[in-house]
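Below is one structure, written out as structure tokens; comments come after it.
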Amino acid sequence: MSKEFLEYGFNSNRRRFLSNLSLGIGSVALGSLLMPDLWNSKNIEEDGLPVGLPHFAPKAKRIIYLFQNGAPSQQELFDYKPKLNQLRGEEIPPSVRGSQRLTGMTANQSSFPLVGSFVDFQQYGQSRAWVSNLMPYTAKIVDELCFVKSMYTEAINHDPALTFLQTGAQQGNRPSMGAWLSYGLGNLNKNLPSFTVLLSRGIGNGQGVYSRLWTNGFLDSVHQGVQFSKGEDPVLYLRDPEGMNRTERRDMLDNLSVLNDMSYKEFGDPEIVAKIQQYEMAYRMQTAIPEVMDVSKESDAMVKLYGPDCLVPGTYAANCLLARKLVENGVRFVQLYHQGWDQHGNLPYEITQQARDVDQASAGLVIDLKQRGLLEDTLVIWGGEFGRTSYTQGTLTPDNYGRDHHPRCFTIWMAGGGIKPGMVYGETDELGYNIIKDPVHVHDFHATVLHQLGLNHEKLIFKHQGRRYRLTDVAGKVVKDIIS
Amino acid sequence: MQFLCRIIVLLAGVAAGIGMSCQRNEATESTDFQGKISYNFDVRPILSDKCFACHGPDANKREAGLRLDDPESAYAALAETPDAHALVPGKPELSHVYLRISSADTSLRMPPVSSNLKLTASEIDLIKAWIREGARYEKHWSFVAPEKTDLPKVSDKQWPRNEIDYFVLGKMEKNGLSPNDAADKERLLKRLAFDLTGLPPTFEMMEAFQDPEADYEKMVDRLLALPAYGEKMAVHWLDIARYADSYGYQDDGYRTQWPWRDWVIHAFNENFSYKDFVTWQLAGDLLPHAGKEQLLATGFNRNHKITEEGGVIPEEYRVSYVADRSDLFGKAFMGITMECARCHDHKYDPVSQKDYYSLFAFFNNVDEVGIESVIGGPETYAKRPLMEISRKDIDTLLTFLNQPDTSNRLIVSVMGEKAELRKTFVLNRGEYDAPTDEVTPATPAAMLPFDARYPKNRLGLTQWLFDRKNPLTARVYVNILWQEFFGQGLVRTTGDLGMQGELPSHPALLDWLAVDFMENEWDIKRLVKQMVLSATYRQSSVVTADKLAKDPENSLLARGPRYRVNAEFVRDIVLSSSGLLNPVIGGPSVKPYQPPGLWEGATSGRGLLSIYVQDKGSRLYRRGIYTLIKRTVPPPSMAIFDASNRDICEVKRLKTNTPLQALIMMNDPTVLEASRVLAGKLLQENQEAEATITRAFRKIVCRQPRQEEVQVLLAYYQKQLETLDDQTAERILSVGEYPQEAHIDKRQQAALMRVVTTLYNLEETITKT
Amino acid sequence: MANKLEPIFRKGLLALVIFILFIVVFEQFLTLPRWLQALGRMHPLVLHFPIVLLLMAAGLQYFARFSRQSVSGDMRQVLRFLWLAGALFAGITVVMGIFLSQEEGYNSDATDWHKWTGVAVFLLASLLYRLQGHAFLESFTGAVLVIGLAILIPVCGHLGAVLTHGDNFITAPLQLEKKRPVVPLEEAYVFDDLVLPILETKCTGCHNPNKIKGKLNLMDSAAILAGGKSGLAINFQQPEDSRLLERIHLPLEAKEHMPPKGKPQLTPDEEAILVAWIKAGAPFSRKVLSLESSDPLQQLAAKQFQAAPTEVSQEVYTFPAAKEADIERLNTDYRTILPVAYGSPALSVQLFSAQAYEARQLEELQPVKTQIVSLDLSKLPVTDADLKLITPFENLRRLNLNFTNITAEGLTPLSKLQHLDQLHLAGVSLKPEAVKALLTAIPSLKAMTLWETGLTRQHMEELSQINPSLHVTGAFSDGDTVLLKLNPPVARTDQWVFPEQTEVTLGHPVSGVRLHYTLDETEPDSLSPVFSTPLTLHTTSVVRVKGYKEGWLPSDVTDFQFYRNTYKPDSVQLLNKLNHVHLAEGAHTFFDTQLGAIGANNPAWANYFAGVRHEAMQLVCRFDDPAEVSSVGIRYMIEEATGIYPPAAVEIWGGDNDQQLKLLAKRTLQAPEKGETPSLRKLDITFPKHPVRCLKIVAQPYKTEHPRLLLIDEMFLN
């Protein structure tokens, strides 16, 4: 029918029709005024949002992740279970244990005697949070912290569990959290890597760490975590060779870019220009990084805040201090690993040492950030890759015991970055074996962290070998209750 | 509602047409497609990318019972609204596919908002046009056995040198491009030497090739004959085979898998046919009267990570090993992302979860356990099934092995079947403890059904792989090799020729090469020679602004390849041009200079690899391929240049450009020592400064420097001479363990050393030009 | 008059046709300025004209066609006029309607129906106008058109009515803003304040009076009780079996699942509430608090009412965005400028590197001065003068001046920043007055960081009095007063094992620590010599060090052991195999100056000890020139628990070559006590000086119960 109308329109008097065309165009133009996006295809972005910017106003700009490698025992630190002490030595009820698979270490253990914490707990602050006596300094700042006692994961061995927490997948070569953030938000300080890694080890039973934990996976390698190590070369190959000063380096680079520029003139390959720029950034890194690393000017008060070890390169305390200096200088993601939390046996002795390593410096870091007004937009995370069993591994002696891996529940704490301070979220049963309230899966944890940085975990996507990847794979929901 | 919408949209379409008839814009431009629309090349990529996730092969995730990957279902009446059809050939306005993707109503629009996917205006128009043309489906290109087509007609008859060039030129002319001139001899030689040996050409070669009489093909043959050829080719295969010198996982202990690596080099140098090369590696142990060499070759499928972490659940890990092999098989030989089907039916390719585990079954009968031993001494350096290699073997059979005389016995992890067959089940969600239906060894039918004649074991699998009717095998490897020589595959996604993979830039060429490869008994050297002899390969890599704009990715091959060489070869260039290179082939991997503390900082403290004990003497100067790879802490200079960490099979490396790379070239003792030594050697020839610098330039950049280049360097050299004092010179020269040449003027050497380092830092030096 | 005006109106109409078609086709791209929305809201006002006009026109047309007598000229005139006017008004109404529909809440099916019919009416009307006086109009189709229109108009009108008066109109906007009427827990009703809000956000979209999917209406208690097509929604006999619950609990994939897949789903809490409510027998008029506190509803309610914010509240900035180009240009190596979020005009600026800082970097920011909401200058040598440069940043919310070189005086110009809500001044020496002045000048200030500014807690409280809503961060604890123990001193040397002498430098990570040391194995104290210049050691010796510093407790005593090894063999050889797990560097282990350590995860444990278990360790050392050896030192590990024992017996053989060796000395050792703590020991065997070319050291491992492991990392020949 419309056809008839048009034919009629055309035939009746083409002249008038044509004369009216301009008018038509005019009205279309008018219409298009109201549609800014109509003609520019870039806004019809296939995957929605451009990378390099938060999707919405973020609560946090940076993250410091104090990773306690080897899985600290929640029962001796934050998840107070007096019942376990009452039932000491009794078998864990099968109803509680349910179908939980066991590691090869306890798989053929015939008995699973419960064991409570060898150390006492007390309540602190306005939040009345329970903290064990192994963490006196952390106890002082509970009102800055949000304890999540209902974290759970899927893996029961260190390697897959670590990899899962850091990359959102148990195996494979996926980008780690830090790489995703660097990809999603870009870096603040163009003279520093946006994702840095710091390692330290305690005396406890050691679990290795691996570059896979800070890999860029299939993302561009600029998003790879850059390891800052102790020694004169904080970043690999950063230091100019013997006998070369900055002016000489500058001189060399100038000549270099003159030559590179010649071959650009010949080949016209943009890669050459990129190369020249990378050399310039390298040059700037060479000054920026030592500037950040310099602890010589830290006051005694500062040293006492973190503990004197913060001046001993390579210690956890030193890494905490360094972490603060790095975020101050615009590093997006500082990943610490402290090894030695794997207390299968000899737990009382080892965990005491481990706690001593990290307690003061962790608390000191939170305080320091707070004092500088950095805490509000810096998210600090403290925790391991899974929890530990409520029953002992091996035989239970009066003064000694151990705990095996336990994926069903573990405790982490977060501070700053728009997370509710002075809060305890989630709950485990009285034997500290199962979660009974507000479980938080690793994917949920990732979703929440990204959310605090202004990223929608469902929209932070990278397409690789034909598939769209996310840090949270296909799951994960933001834990809104802990967001202030 | 629908009816009404339809009228309006029609009305609107026409009227808007009138309205805009004088004013063209993107929205309408995108609608004009030259020629007929191809399902495979135009439509399927869109459907696959944006629709198949919910309307594709995966039965569990399928919405509304509709499959758009299969005409049957797509033409049929819709399950939920029987009076309507997803596709009505010729009638977009009746096809709900079109109506839904074009609907303005967000509650109707496909893909749903919640999916975060969106079709662009042009994509919508394209699908509409396709439907109007009859919505014809085609089988996926890579699942149809390749055939040779006749060479395309080209107007420029002079340019082509072999068949490759016809296809390439044909495409260029279609797109209004013309090839670059041939690269100048120096650059061509450098490119050739890099590609065939991973090393810069020797000074003598450069001289010889300058001779106008010098024949390119002769040079090709000469380079192909060098043992370095095997080392060069091995690198990409080690990535595929995820070869490493440690087990990965927790303690990441040492393993002696290097004899397998040496075999690969040997095999390439002996020019094994691809068929034998692969057959031996996949099923050498099953070959009739298999010998030790065939057995050694099967180490290929034991290179994967193996846990030594006490307390793991053995079955969980054993399953992951088998999965690793299956995934590798899919990625490296079939060019299909099999792993997607491990937990659910493949969302894009016709590979069901059952198919996955049927393939899995081939590798599931290895006589292995999830964890054999925790980290320990030499007896743990290989895991059962393993082979022991005696001195005698090396002297008689495995002569290519370069075993230093040490007391320890040499063992290698290899393949071996269990006596009684291990049953294979589909694993629900891919979890080792959730077996469902039992399956028997088979291959995905969509590509090529498993012939009943073949034995249902790995040997049969290789026969299937090299069946002339197999559409993938040849294409995949030809493509991988093309990537080796041209920087990117004819199919960009080397590991995925499936539905989600990119489409070939030159389909006809790919097929021609694939068929030709098969017709010539899978002869690898022949294929390589074909590529490097082509005019396409010989083009200069100069890119004009115009070409850059028209074809930034160089997918039309209207210029020569130009890109940074792989990590291993960066090292090789430095060592070889400075004369430090120790050309020994094979043997246990070596530990060259490495910044202190890397291993120590990340180790669990257990095992041989918990401390980095740097090697001494000539072992410091081995080729990059021999640098020991500890999976959890890969050699930094390699990792920073995008080398694979050998965690899983990799068919394509990133090629990035970062400040850390700049730092390595400026400060790595390897580079500095090489500069020092080269500077020393050159000064001993005591020539004029200018001549010396020119010589350094030629050794390193492999061409005669231009005058202005010499001037810059000379000035730099002079300035250093003036400014450097003796003890600074001493300190500058103090780098590296290679003995310092006596009686040379330290200041001269230090100054020249800096010039040389600058040369090593030139973009062109480590770039294939 | 019609004749004169008609051409103009006609053109207008054509324009409208095209314009409308155009915007309906590309509606999804439509984005409206506010003023146009206002226009849109006049839709309900205007729409009455076309209805009347067109109905009249249609009627007339109908009359004209069927009243056999030919239609008069005036009649035609009137018709033309009516059609034209009607069509025009219809057009205007449509446009307004579409504008209006852009406002949130108008995405229901009803809206679409209304839109499409409306557009149809308009097009039909314009068509009929164009057809005036054409034979076609007389045809049957023509008639159909006219009648069609006549029917279409009321239909369209009704649809519109549904929109305006239907509940969507009221609730839709509410739903989108997730605003629930804030009721204090005390006054909250279970149904009205807990359940209904959920139904309204998640259910009534489809289950309302005018869109009764499944014949179920969930708008009010009566309707809910009435139930729907498949029966009662709530089963008061067995609440658990209520259909409502059943549908909610079905798996998401299930066709019957509610809310349907793709629509917003119930959150766990919401679900819990509905369940609890129904299980409680679906009370409609009960106060939350009337339930006993154990009741799950009670707890859920509590949670609801301390409601967590559901989305990040983004501050809306009204100022225009800056030019891309400017931002591009101003982003330099040491100055980062980023939008606070995708699509936000607001910018946050951070400067880096004290070395690179110059005031110019702030001056240059003028082009984006309106957009900057956050500026971070911490740790840069910013001066008072520089602060004047940032006063133009009128929209600045957050300013970080931590550890800059500004002074109290410098603060004054900041008072111009009237939007400022956060000011960080840690590490800047300030005067309370200055801060107070600033605080009074900027009432908007919400947070200040004043740690290490010289302000006391007292001062800070005073500040809070000036502005009660201000949050001040001072020192967390009184840092320097706490007493901590110094950590252990360190020693540096390039030779822990040395041939003749070695130089030792003592140090401490904390600066200004006095290091008291002894060389005679006595415990050092504050009277022992203080380390100043490097110590030179000639013999195997232990340096014991203790650190002191005012304000600290002294460190523990730390021992540093140095070993002299005068004669390094020119070649070494082991006669027996080592234990395969403890190969270390083979025979070279003992003279590689690498000292082992205890601790299973210390690499020095795994790598520096060579060990034997079953057979004796027989080491042969050869010297090119005779060595005047008079003592052999052997460093070994004891870890009783893991069965690492000292050597049971050690024999030293010496001579000119292997053939003629004579026993120089022999020593046997005690087995360790049960549970003895792990330790590293050194066994010294001395004997009369004796020149040897060949020295053979034989160490027997213990065999008590079963063979014990013997681990040795280093030997010393003097």
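Numbers restart at 1 for each chain; the letters A, B, ... are given by sequence-line order, proteins then strands.
- Minimum interatomic distance between G268(A) and V543(B) (heavy atoms only, all atoms of both residues): O-CG1, 3.4 Å.
- Only the side chain of V258(A) comes within contact range of chain B, with at least one heavy atom under 4.5 Å from a heavy atom of that chain.
- Residue L713(B) touches chain A through its side chain alone, counting heavy-atom pairs closer than 4.5 Å.
- Only the side chain of S734(B) comes within less than 4.5 Å of a heavy atom of chain A; its backbone N, CA, C and O stay farther away.
- Using a 4.5 Å cut-off between heavy atoms, L598(B) touches chain A through its side chain atoms alone.
- Of the atoms belonging to D233(A), not a single heavy atom falls under 4.5 Å from chain B.
- Proximity to chain A involves both the backbone and the side chain of I664(B), based on heavy atoms less than 4.5 angstrom apart.
- Of the two parts of L236(A), the backbone and the side chain both hold a non-hydrogen atom closer than 4.5 Å to a non-hydrogen atom of chain B.
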Go through it in stages, so that I can follow the logic: the residues are K655(B) and E271(A), the test is salt bridge (charged side-chain N to carboxylate O under 4.0 Å, His left out), and I'd like the CA-CA distance, side-chain angles, deciding distance and then a yes or no.
CA-CA 11 Å; K655(B) 284 201 172 58; E271(A) 271 299 304; over 6 Å; no

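- Here the closest non-hydrogen pair linking L654(B) and F218(A) is CD2-O, 4.3 Å.
- Taking Y563(B) as the reference, nothing meets the ring pair (Phe, Tyr, Trp, His ring centres under 6.0 Å) condition, with sequence neighbours excluded.
- Residue contact with chain B, scored on non-hydrogen atoms closer than 4.5 Å, involves the side chain of N216(A) exclusively.
- The greatest number of non-hydrogen atom pairs below 4.5 Å with chain A, out of T769(B), I371(B), L762(B), T544(B), is found for L762(B).
- There is no contact between E730(B) and chain A, counting heavy-atom distances below 4.5 Å.
- Of the atoms belonging to Q227(A), it is side-chain heavy atoms, and not backbone ones, that fall under 4.5 Å from chain B.
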Apply side chain to side chain donor-acceptor pair (under 3.5 Å) to residues Y279(A) and N761(B) and explain how you reach the verdict.
CA-CA 9 Å; Y279(A) 270 90; N761(B) 278 274; 2.6 Å; yes

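- For a residue to count as touching a neighbouring chain, one of its non-hydrogen atoms must lie under 4.5 Å from one of that chain's; by this rule R249(A) touches chain B with the side chain only.
- Contact annotation for L198(A): neither backbone nor side-chain heavy atoms come within less than 4.5 Å of a heavy atom of chain B.
- Interface remark: S263(A) contributes backbone and side-chain atoms alike to the contact with chain B (heavy atom separation under 4.5 Å).
- Heavy atoms closer than 4.5 Å to chain A are found in the side chain of K719(B), but not in its backbone.
- Residue Q277(A) does not touch chain B at all, counting heavy-atom pairs closer than 4.5 Å.
- Contacts between S637(B) and chain A at a heavy-atom distance below 4.5 Å involve backbone atoms as well as side-chain atoms.
- In terms of heavy atoms, L663(B) sits closest to Y237(A) at CB-O, 3.6 Å.
- When the candidates I732(B), L724(B), T728(B) are compared by the number of heavy-atom contacts under 4.5 Å with chain A, I732(B) comes out ahead.
- For L213(A), no part lies under 4.5 angstrom from a heavy atom of chain B.
- Using a 4.5 Å cut-off between heavy atoms, E708(B) contacts chain A through both its backbone and its side chain.
- Contact annotation for M252(A): both backbone and side-chain heavy atoms come within less than 4.5 Å of a heavy atom of chain B.
- In this structure, R631(B) forms no cation-pi arrangement with Y210(A), as its terminal cationic atom is not both closer than 6.0 Å to the ring centre and no more than 45° off the ring axis.
- Contact annotation for I156(A): only side-chain heavy atoms (C-beta onward) come within less than 4.5 Å of a heavy atom of chain B.
- Remark: D269(A) does not engage R559(B) in a salt bridge, criterion side-chain N to carboxylate O under 4.0 Å.
- Residue contact with chain B, scored on non-hydrogen atoms closer than 4.5 Å, involves the side chain of H405(A) exclusively.
- L238(A) and N667(B) make their closest contact through O-ND2, 3.4 Å (heavy atoms, listed as atom of the first residue, atom of the second, distance).
- You'll find the side chain of E763(B) stays beyond 4.5 Å of the side chain of I276(A), heavy atoms only.
- Only the side chain of R754(B) comes within contact range of chain A, with heavy atoms under 4.5 Å apart.
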Would L660(B) and Q224(A) count as a side chain to side chain contact (heavy atoms under 4.5 Å, CB included) here? Give the steps.
CA-CA 11 Å; L660(B) 298 186; Q224(A) 187 168 37; 5.6 Å; no

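- A donor-acceptor pair under 3.5 Å is absent between the side-chain atoms of E242(A) and the main chain of V735(B), judged by distance alone.
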